[in-house]
Amino acid sequence: MTTAMTTLSSNAPMTASDRCDRCGAQAYVRVVLSAGGELLFCAHHGREHGQALRAAGADIHDESQKLATTSSTAAPDER
């Protein structure tokens with residue numbers, strides 16, 4: 001993988017097709033490793049491994065705040 005490809009993928013918004021490398025749930029955390037490569041984690045595994053990955057110099061893009069938002073198409077009693 002080239003650096004340009006890594007940069008593009010690390011900046012792209014995460015989608016429902018992105019899956020956690022640990023458990024297969026929807027990924028909300030993208031980790032770009034300082035040595036190259038990337039990992040995807042669900043919010044749970046992102047919190048579990050985040051501190052150690054930051055200490056190792058990884059760049060972490062966390063979109064787990066999406067879990068707290070309500071869709072604009074949600075019924076009024078769900079908002």
Side-chain angles (χ1 to χ4, degrees):
M1 178 179 271
T2 67
T3 304
M5 290 175 65
T6 301
T7 302
L8 289 173
S9 66
S10 65
N11 290 333
M14 299 181 77
T15 67
S17 64
D18 292 315
R19 295 295 179 197
C20 177
D21 290 329
R22 282 291 285 160
C23 67
Q26 184 173 346
Y28 289 95
V29 179
R30 176 180 287 119
V31 179
V32 179
L33 303 171
S34 58
E38 84 178 12
L39 299 169
L40 299 176
F41 291 117
C42 62
H44 165 79
H45 286 112
R47 285 188 303 271
E48 182 179 345
H49 301 293
Q51 188 174 358
L53 289 164
R54 277 186 191 89
D59 180 31
I60 299 177
H61 177 76
D62 187 346
E63 295 184 8
S64 60
Q65 75 280 357
K66 289 180 178 178
L67 293 168
T69 61
T70 303
S71 169
S72 62
T73 59
D77 63 332
E78 293 178 355
R79 295 181 190 184

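This is a predicted model, so every value here is computed, not measured.
Contact detail for Cys20 and Ala27: the closest heavy-atom pair is N-CB, 3.9 Å. Smallest separation of non-hydrogen atoms from Ala56 and Ser34: O-OG, 3.6 Å. Across all their heavy atoms, Leu39 and Asp21 have their closest contact at CA-OD2, 3.3 Å.
In this structure, NE2 on His45 lies 5.0 Å from CD on Glu48, to the nearest 0.5 angstrom. The distance from atom CG of Asp18 to atom CZ of Arg30, rounded to the nearest 0.5 Å, is 6.0 Å. Considering CG of Leu67 and CD of Gln26, their distance stands at 7.5 Å, rounded to 0.5 Å.
Arg22 contributes no side-chain N or O that, together with a main-chain N or O of His44, makes up a donor-acceptor pair within less than 3.5 Å.
Shown are Asp62, Ile60, Val29; of these, the side-chain contact (heavy atoms from CB on, under 4.5 Å) with Phe41 is made only by Val29.
The 12-atom threshold is exceeded at CD of Gln65, counting heavy atoms of other residues, nucleotides or ligands nearer than 6.0 Å.
In this structure, Leu40 is not a member of the same hydrophobic cluster as Val32, with clusters built from ILVMFWY side-chain heavy atoms closer than 4.5 Å.
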